[in-house]
**Student:** 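Questions regarding the structure given below will be posed in turn.
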Amino acid sequence: MAEPDKLSVGTEHQPQPGGIAARAMAARVERAYLAGLNPEQRLAVETLHGPVLVLAGAGTGKTRVLTTRIAHILSLGQARPAEILAVTFTNKAAREMKERVSVMVGETVEGMPWLGTFHAIGVKILRRHAEMVGLKPDFTILDTDDQIRLLKQLLEADNIDEKRWPARILAGLIDGWKNRGLTPDKVPAGEAASFAAGRGAQLYAAYQERLKVLNAVDFGDLLMECIKLFRERGEVLGQYQQRFKFVLVDEYQDTNVAQYLWLRLLGQQGGNICCVGDDDQSIYGWRGAEVDNILRFEHDFPGAKIVRLERNYRSTGHILAAASHLIAHNEGRLGKTLRTDEVPGEKVTVTGVWDSEEEARAVGEEIEELQREGHALNEIAILVRASFQMREFEDRFVTLGLPYRVIGGPRFYERAEIRDALAYLRLVNSPADDLAFERIINVPKRGLGDATLQCLHDHARARRIPLFEAARIIVETEELKAKPRTALRDLLATLTRWSAQLAALPHTEIAEMVLDESGYTEMWQRDRSADAAGRLENLKELIRSMEEFENLQGFLEHIALVMERDQGEDVDAVSIMTLHSAKGLEFDTVFLPGWEEGLFPHQRALDEQGRAGLEEERRLAHVGLTRARRRAKIFFATTRRIRGTWSSTAPSRFLDELPVAHVEVTESKGGFAGMGGYGGYGPSRFDDATAFGSNYTTPGWQRAQSRRDRRNDGFDEAADADAAAPRQRGRADRSAAARGREARQGGAFRSPLTIEGELVAKSTGTVSPFGRGDRVFHQKFGYGEVTFVDGNKLTILFDKAGEKRVVDSFVQRA
DNA sequence: TGATGCTGCGTTTTT
DNA sequence: CGCAGCATCA
């Protein structure tokens, strides 16, 4: 094995690195990065040759091993950065790895061109050899929405009843086939028959053909077309096999069949492939991940070494014991025993509550208590099984004025406004982009509806020309009525004008011009719904992100894969997310609500996947618990409203699978009694209120910060940034002890009101600046009317969201 | 083209 | 029960 004896190893492969001094330095650097590793990690890092599977339990330093391994390869001179293929699933993971490697290796090493997501690397390869698979190098990448629209057209053309056979189901099937590496001719007959009376595979084939005509690929194709390329063009495959001296794979348990095939093709030759994963964290079976890939590793890569990382550096003893004991109930696993040197710490708590409302209240209470003890909200997370559970928490936190952020939801580039904007830009860049053309032809509304589009389609199809070309012709005829004809002519002229400017102006300016002159920005400016402001902000963000690219072309080539919305972690707030999106994260305190049969494990997982489903749910529970560093708090409700009707629920079987010695069953602090239930807390909290002085760590200050940041979107931040300093805290004029908490909240919230500028003076008083009948705007609920004022708490009847009680600093005048 | 009413559905999500 | 997506009507 390559012990730190790099001289002998190095001289073989490496171009002479320099004199003795350089080597001495390299040796010192190397010692530094290897020093902190435990023996297993070190083994995983230093076993460079041959296939290696690193079974890395939660919190055992998986990313560290991967990044150190790269650093090691580089510093031994075994490969140059461009000769290492390192794949991840998410852009985030790729980014983090890049950062950590560059920190370790030093800034002198140029970036690693082949470190990225499966898809990003797939695109890169595909663009180089596009012609070989029937594409042009500037092919577009379709998102799910485009995909479905395309399939809709195919179904229509085939006279298939779209209600019986929805396009999105077909899209799902095709995705699934691609995940499994199946081309249309390889789809099992039974499955192909299941859609549209046996026409499934035929539609899949038609779809692929259509994609080629449009010079487009979907996400699945990024891998499928690569595989096809590698299989058909041995010389191309050979070229890459030779290039990649080392292959590293993150989250191997999440790979699907296509990814596996892709990896095997690329990694076979050199055989230096290192996969890191944890079968106990495989939670994406439902979207094609094959746990089998990891279970079969030794078989697939003969001579593989397996390294287990079992030392957990994240969680305290009780938490780790609970998680380990729980996951031991799974049968289909390779098996690991996590251990820690940490103190036992706090036991995992299990709290029964009456319903979801009480659950949210109890969690809110505990968070406020943690907050009072000085814990940062950033270190607290609520992990739910299904996103509908989030609402209750959001409602409660809005009422409390407790800052939170929801992680997940639609991705940045999936948002309508971003896709619209991109469609405009795509069209300016290449007028033949029919999907883009269709998308924006009537956005904003210009009176070009279905009839016009139909007409364009007919012409385009008949003459086999793009819609844009068809439009040019039609505008010169009498076919369309005067109004749409003029509108269409205008649109064409504008598009042409923009395209003409492409060479002359910087691409960001083009983008601004396009969004402005198309009336698109204006459309959202006029929109009065709650999220319009956010959409405009997203558009700005889009243009900002364009600056990183050289030109429009370059931007468009990458954007579909790289765009991510940043989550603003600079604000101190509780995170709310699903268990799935929590994978890979960690928090001091983790709340795990909703541990009830039917919800968690989810009924559907049980019904549809049987024991495999149950095991995946259990892995999800394991993921949830292992996110916690110091506190894991589980809740279950006795009653839950499911689809409108209340039903009583049984505690999750997972609760019975927790080890009694490491769990503490607690009473709900919210209390079953409902309204009066704050009993024990009122007075002490009230007293505490005065303790919240004006230092910068108080909840109030943090909320002011969060408030300020949230507004940081083109209103008037400069003026009020300073004014948002903590001004006045807890008010002592509330006599009811039970109200103490609210009073404190109110006081804490006073300061952000200065944002309104003219309210600086008033804002220090106890009376809300809002009155009955005021029209207000709220970030989440949109527009509404104040119906009742109680100090700083407003009851507002929202136009869309109904009646809510909200702390006044969360709203502004409409 | 917008508004209204009806039907159907209701877990998790990256690229 | 509540919402989204669709169809139909004014």
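Note on naming: letters A, B, ... go to the chains in the order of the sequence lines (proteins, then strands), and numbering restarts at 1 for each one.
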**Student:** Could you work out the separation of B:dT13 and C:dG2 based on their P atoms and round it to a whole Å?
**Tutor:** 23 Å
**Student:** Give the nucleotide from the list B:dG2, B:dG10, B:dT12 with an atom nearest to the side chain of A:T578.
**Tutor:** B:dT12
**Student:** Mind checking A:S387 for me? I need base, sugar-phosphate or nothing, with any heavy atom below 4.0 Å counting as a touch.
**Tutor:** sugar-phosphate
**Student:** Which whole-number value in Å describes the distance from A:R446 CZ to B:dT1 P?
**Tutor:** 12 Å
**Student:** Could you state the atom-to-atom distance from CZ of A:R385 to P of B:dT12 in whole Å?
**Tutor:** 7 Å
**Student:** Return the residues of residues 149-170 of chain A meeting this criterion: a heavy atom under 4.0 Å from some atom of DNA chain C. Order them by number, or give none.
**Tutor:** A:K152, A:K163
**Student:** Suppose we screen for salt bridge (Lys or Arg N to Asp or Glu O under 4.0 Å). Which residues come up paired with A:R419, at least two apart in sequence or across chains?
**Tutor:** A:D143, A:D145
**Student:** Determine whether any donor atom in the side chain of A:R604 lies under 3.5 Å from an acceptor atom in the base of B:dT11, or the reverse, and answer yes or no.
**Tutor:** no
**Student:** Go through the structure and list residues passing side chain to side chain donor-acceptor pair (under 3.5 Å) with A:E417, not counting sequence neighbours.
**Tutor:** A:R535, A:N538
**Student:** Between A:D175 and A:H602, which is nearer to the 5' end of DNA chain B once each is assigned its nearest nucleotide?
**Tutor:** A:H602
**Student:** With respect to the phosphate group of B:dT15, does any side-chain polar atom (N or O) of A:N91 fall under 4.0 Å of OP1 or OP2?
**Tutor:** yes
**Student:** Compare the minimum distances between each of B:dT14, B:dT11, B:dT13 and the side chain of A:E608, then state the nucleotide with the smallest one.
**Tutor:** B:dT11
**Student:** Is the phosphate of B:dT1, meaning OP1 or OP2, less than 4.0 Å from a side-chain N or O of A:N442?
**Tutor:** yes
**Student:** A:W524: which residues meet the side chain to side chain donor-acceptor pair (under 3.5 Å) condition with it, sequence neighbours left out?
**Tutor:** A:Y520
**Student:** Just wondering, do A:H580 and B:dT12 stack (centres under 5.5 Å, planes under 30°)?
**Tutor:** no
**Student:** Only pairs at least two apart or in different chains count here, so list each side chain to side chain donor-acceptor pair (under 3.5 Å) that has a residue in residues 590-607 of chain A.
**Tutor:** A:E596-A:R640, A:E597-A:R653, A:Q603-A:D607, A:R604-A:E608
**Student:** Between A:R396 and A:E357, is there a side-chain N and carboxylate O pair less than 4.0 Å apart?
**Tutor:** no
**Student:** Please give the distance between the C1' atoms of B:dT12 and C:dG5 as a whole number of Å.
**Tutor:** 22 Å
**Student:** May I ask you to test the A:V590-A:F587 pair for a side-chain heavy-atom distance under 4.5 Å?
**Tutor:** yes
**Student:** Starting at CZ of A:F388 and ending at P of B:dT12, how long is that distance when rounded to a whole Å?
**Tutor:** 8 Å
**Student:** Run the side chain to side chain donor-acceptor pair (under 3.5 Å) test against A:Q389 and tell me which residues pass, sequence neighbours left out.
**Tutor:** none
**Student:** Just distance, no hydrogens or angles: give the donor-acceptor pairs under 3.5 Å from side chains in residues 214-229 of chain A, sequence neighbours left out.
**Tutor:**
| from | atom 1 | to | atom 2 | distance (Å) |
| --- | --- | --- | --- | --- |
| A:N215 | OD1 | A:K136 | N | 2.9 |
| A:N215 | ND2 | A:D138 | OD1 | 3.1 |
| A:D218 | OD1 | A:K178 | NZ | 3.0 |
| A:D218 | OD1 | A:G220 | N | 3.1 |
| A:D218 | OD1 | A:D221 | N | 2.9 |
| A:D218 | OD2 | A:K178 | NZ | 2.7 |
| A:D218 | OD2 | A:Y207 | OH | 2.8 |
| A:D221 | OD1 | A:K178 | NZ | 2.8 |
| A:D221 | OD1 | A:Q208 | NE2 | 3.3 |
| A:D221 | OD2 | A:K178 | NZ | 3.3 |
| A:D221 | OD2 | A:D218 | N | 3.3 |
| A:E225 | OE2 | A:K212 | NZ | 3.2 |

**Student:** Rounded off to whole Å, could you give me the NZ-to-C1' distance for the A:K483 and B:dT1 pair?
**Tutor:** 11 Å
**Student:** Starting at CD of A:E251 and ending at C1' of B:dT13, how long is that distance when rounded to a whole Å?
**Tutor:** 14 Å
**Student:** Measure CD/A:E290 against P/B:dT14 and give the value in whole Å, please.
**Tutor:** 20 Å
**Student:** Hey, can you pull the residues of residues 280-288 of chain A with a non-hydrogen atom under 4.0 angstrom from DNA chain B?
**Tutor:** A:Y284, A:W286, A:R287
**Student:** Please examine the side chains of A:L435 and A:L142, heavy atoms only from C-beta on, and report whether any two atoms are closer than 4.5 Å.
**Tutor:** yes
**Student:** Can you measure A:R391 atom CZ to C:dG2 atom C1' for me and round it to whole angstrom units?
**Tutor:** 9 Å
**Student:** Kindly write out the residues that satisfy side chain to side chain donor-acceptor pair (under 3.5 Å) with A:Y240, not counting sequence neighbours, or none if the list is empty.
**Tutor:** A:H129
**Student:** A:G122 near the nucleic acid: base, sugar-phosphate alone, or nothing, with a heavy-atom cut-off under 4.0 Å?
**Tutor:** nothing
**Student:** Could you check how far CD1 of A:I121 sits from P of B:dT14, rounded to whole Å?
**Tutor:** 19 Å
